[in-house]
Asks: 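Below: one structure in structure tokens.
In what follows, chains carry the letters A, B, and so on, assigned in the order in which the sequence lines appear, proteins first and then strands, with residues in each chain numbered from 1.
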2 protein chains.
Amino acid sequence: MAAPRPPAPRAPTLEQVAEYAGVSRSTVSRVINQVSTVDPELREIVERAIEATGYVPNHAARSLVTRRTDSVALVVSEPADREFAEPFLSRIFTDPYLGRITAGALEVLRPEGIHLVIMPADAPARQQVLRYLRQGHVDGVLLISSHVADPLPQQLCDLGVPAVLSARPGRPLPMSYVDVEQQTGARLAAERFIASGRKHPATVCGPLDTTAGQDRLAGFRSALAVHGYAFVPAEPADFTRAGGERAARALLSAYPETDALFVANDLMAEGALQALRDLDRRIPEDVAVVGFDDSVSALACRPQLTTIRQPIEEMAAEMARLLLARIREPDGRPRSVIFHPELVERGSA
Amino acid sequence: MAAPRPPAPRAPTLEQVAEYAGVSRSTVSRVINQVSTVDPELREIVERAIEATGYVPNHAARSLVTRRTDSVALVVSEPADREFAEPFLSRIFTDPYLGRITAGALEVLRPEGIHLVIMPADAPARQQVLRYLRQGHVDGVLLISSHVADPLPQQLCDLGVPAVLSARPGRPLPMSYVDVEQQTGARLAAERFIASGRKHPATVCGPLDTTAGQDRLAGFRSALAVHGYAFVPAEPADFTRAGGERAARALLSAYPETDALFVANDLMAEGALQALRDLDRRIPEDVAVVGFDDSVSALACRPQLTTIRQPIEEMAAEMARLLLARIREPDGRPRSVIFHPELVERGSA
DNA sequence: ACGAAGCCGGAGAGCGCTCCCCCGCTCAAC
DNA sequence: GTTGAGCGGGGGAGCGCTCTCCGGCTTCGT
């Protein structure tokens, strides 16, 4: 808890501006809120008074009566029954995924004058986050949640806080969400391998308790099944670079004949590339690699990563738009917006 | 602007809880604010009433009277007179630096129950940001500003908003800040090169309109001057991966004899490594490379990057602590906390 | 046993804003 | 000339909370 502001010279109030301008509070309020029924002349006077006094409306007071805060929360959920090397905060804020989400959301929110409060919600903080949301601190929430069993989407739903999800929820929920056609993306990778004559595809898949992890694996497998592959080796990892490296190593050790590797995100693919190099596999000659996301790291590695592009910034922007819509019309029906992934051909496959 | 919340069942108020518990508003308020003078028995009753009604204090109302918001802003400033390939938002949110700052700050803020509003402040948004801060939306600001001529630190100072800077300000200012011994860091790199017998050191330095860029360059040059190097080639770049690649290429083309390269951050170093590889220079045999930061990307490249470590998370945490102190005691004297960099030896030098 | 000294709870006054209602003015219509 | 509609502006009532002040009760000293 912070202490109150100093006995600083209090900021001017509406009342004072009104007095200065020789009008009533209401008139000043009307000018500020762009109500059109104000005499242009009076408006002029009031605007000058505002200028002169350096008046700025008090947010808390306004928010108290309008029940609107003009800010939304970006909640990053994490059920935390998995084990990670890095602490939660470092991990999520170091992952370029979250950065791209933030950038995309802000692209829409900023012009609307809406601000973003960023809230990690790991298990210990879950209650704190729910409390915060109930306090009416924000008008709505952008919820980044990947775990199928994450209780947070349901809780937000129960709470009645306008919210939009970053992916199809684990179980059906009356809540808008944005997603990419995960299975199609995985199929694109599979078909790439088939087209280039690979015989032994395998995958470093995402965590199987996430919808993205599940869908990408299922999509990859079913696309290959069409071409006669009854079994496709898969090794799950945690979407981190180190995890990808480890999983690729494990996969190549168990299935040394592997000549094509679909890695469920670019960060892991970076690690996989490393593992393959350490095992003296040439890329793409010996092993073709396809990632997922098309993040900056796809360009940073050598060979550059062939990957399945999902327009993350665009998706986040859409989340923001859906949220705004929901805030403005809370009873509208929940909408889903599904984006199309596409194969970006670079050097690794 | 968002529309008001639905005609939803209004949340219970203090008054209602009081009625339910059969006490006065004040008593409930005392219980909530942990005032110790409440009879334990009454407190028990009130707590049950809060539980039963599902009461949550209204933030706006509280904030209106306490003049405290329990949230701070993370303002990322950008004077924007430089040209960048990527748009501002994507660039800053993709840079691991900002992620680490966020994580570090939150590490301190979260336990205090203080929330973080994230605000990019490029030139067009500057006024909007200042307005926002004046509205009393936040109790203070963590200001990430690197440009020596950035007007924002001064403006915040004038505004009287408690603020802490992420680096020594361009010109002296009565404001707390956190920094690392930039010149010492650069010296560490220089000495590393000298110790390993390199004869032709050069540097990809940061933008010369940032204190970090200036200081690292100056430190590198003066450390080498001690060993007789009157001239050290330097090519500035913009702290991005692509910038580092370009600059390294330019440097090696102008000074092909270069056998040691100090790169002012790891992101650029990653690019430089790439450029060197493309030029068929072996690392570290032909060219030794030392980066700055010790970010995850230092581990991601091959060879792994020898780099000057600055404890960014720790520094951000300290910023948060300084800010909290300033908020609680606005008249305390501004403090600077300077961290020590250290050389992390890995494969590249 | 009586008065002084706590101690705890209640009532009331705002914090700065919005919004509703009403008043007074102007202008057109009858 | 009177009425009624229309419109711009003012006043008042809160929004939900904290905090100061005050009064009644207990407790202790003498």
Side-chain angles (χ1 to χ4, degrees), chain A residues 1-5 7-47 49-50 53-70 134-137, chain B residues 1-5 7-47 49-50 53-70 134-137:
Chain A
M1 292 279 180
R5 223 29 109 66
R10 279 285 184 80
T13 71
L14 244 202
E15 189 85 51
Q16 288 163 24
V17 177
E19 187 178 355
Y20 186 100
V23 299
S24 78
R25 256 186 357 259
S26 313
T27 305
V28 180
S29 177
R30 282 186 203 102
V31 170
I32 287 168
N33 294 295
Q34 322 265 26
V35 174
S36 57
T37 66
V38 180
D39 185 307
E41 203 166 314
L42 258 191
R43 158 172 317 234
E44 179 76 9
I45 294 178
V46 170
E47 272 162 0
I50 290 174
T53 53
Y55 172 75
V56 177
N58 177 302
H59 171 255
R62 166 178 290 177
S63 173
L64 177 58
V65 22
T66 60
R67 324 194 145 263
R68 190 205 327 130
T69 65
D70 288 333
R134 296 188 55 203
Q135 298 206 67
H137 233 118
Chain B
M1 292 279 178
R5 217 36 104 62
R10 279 285 182 79
T13 71
L14 242 203
E15 189 85 49
Q16 288 164 25
V17 176
E19 188 178 353
Y20 185 100
V23 298
S24 78
R25 262 190 347 264
S26 314
T27 305
V28 180
S29 176
R30 282 186 203 102
V31 169
I32 287 168
N33 294 294
Q34 321 267 25
V35 175
S36 57
T37 66
V38 180
D39 185 308
E41 205 166 312
L42 258 190
R43 153 168 317 208
E44 179 76 10
I45 295 177
V46 170
E47 272 163 0
I50 290 173
T53 52
Y55 171 76
V56 178
N58 177 301
H59 171 257
R62 166 178 290 176
S63 174
L64 178 58
V65 22
T66 60
R67 323 193 145 264
R68 190 206 324 131
T69 65
D70 288 332
R134 295 189 54 201
Q135 298 207 65
H137 233 117

Asks: Would you check if A:Leu42 and A:Val23 make a side-chain contact, meaning some heavy-atom pair closer than 4.5 Å?
Replies: yes
Asks: Please list, by residue number, the residues of residues 23-30 of chain A whose heavy atoms come closer than 4.0 Å to an atom of DNA chain D; answer none if no residue qualifies.
Replies: A:Val23, A:Ser24, A:Arg25, A:Ser26, A:Thr27, A:Arg30
Asks: Could you state the atom-to-atom distance from CG of B:Leu64 to P of C:dG14 in whole Å?
Replies: 14 Å
Asks: Under the rule for side chain to side chain contact (heavy atoms under 4.5 Å, CB included), what residues qualify as partners of A:Arg30, not counting sequence neighbours?
Replies: A:Ser26, A:Thr27, A:Val35, A:Thr37, A:Val38
Asks: Can you list everything that forms a salt bridge (Lys or Arg N to Asp or Glu O under 4.0 Å) with A:Glu47? Sequence neighbours excluded, please.
Replies: none
Asks: Show your working on side chain to side chain contact (heavy atoms under 4.5 Å, CB included) between A:Ile32 and A:Ile50 and close with a plain yes or no.
Replies: CA-CA 9 Å; A:Ile32 287 168; A:Ile50 290 174; 3.9 Å; yes
Asks: When the nearest nucleotide of DNA chain C is assigned to B:Val65 and to B:Gly22 on a heavy-atom basis, which residue is associated with the more 5' position?
Replies: B:Gly22
Asks: Which whole-number value in Å describes the distance from B:Leu14 CG to C:dG9 C1'?
Replies: 15 Å
Asks: If we fit an axis to the first five pairs and another to the last five of the helix from C:dA1-D:dT30 to C:dC30-D:dG1, what angle do they make, to the nearest 10°?
Replies: 50°
Asks: For residues 15-22 of chain B, tabulate all N or O donor-acceptor pairs below 3.5 Å that involve a side-chain atom, not counting sequence neighbours.
Replies:
none

Asks: Compare side-chain N and O positions of B:Arg67 against OP1 and OP2 of D:dT18 and report whether any pair is under 4.0 Å apart.
Replies: no
Asks: Report the distance from atom NE2 of B:His59 to atom C1' of D:dC15, rounded to the nearest whole Å.
Replies: 15 Å
Asks: Please determine whether a side-chain nitrogen or oxygen atom of B:Asn33 lies at a distance below 4.0 Å from atom OP1 or OP2 of D:dT18.
Replies: yes
Asks: If you take all heavy atoms of A:Leu14 and A:Arg25, which pair is closest and at what distance?
Replies: CD1-O, 4.0 Å
Asks: Of all heavy-atom pairs between A:Gly54 and B:Arg134, which one has the smallest distance, and what is that distance?
Replies: O-NH2, 2.7 Å
Asks: Quickly work out the A:Asn58 CG to D:dC15 P distance and round it to whole Å.
Replies: 18 Å
Asks: Quickly work out the B:Gln16 CD to D:dC15 C1' distance and round it to whole Å.
Replies: 13 Å
Asks: Whole Å only: how far is the CG atom of A:Leu42 from the C1' atom of D:dC7?
Replies: 13 Å
Asks: If you check the A:Thr13 side chain, which of C:dC17, D:dC17, D:dC15 turns out closest?
Replies: C:dC17
Asks: Side chain of B:Ala61 only, heavy atoms from C-beta on: which candidate in D:dG16, C:dC17, D:dG9 is closest?
Replies: D:dG16
Asks: Using atom CD of B:Glu15 as one end and atom P of D:dT18 as the other, report the distance to the nearest whole Å.
Replies: 13 Å
Asks: Should B:Asn33 and B:Arg62 count as side-chain neighbours, where that means a heavy-atom distance under 4.5 Å?
Replies: yes
Asks: I need the CD-P distance between A:Glu19 and D:dG11, as an integer number of Å.
Replies: 12 Å
Asks: With sequence neighbours left out, what residues match B:Val65 under side chain to side chain contact (heavy atoms under 4.5 Å, CB included)?
Replies: none
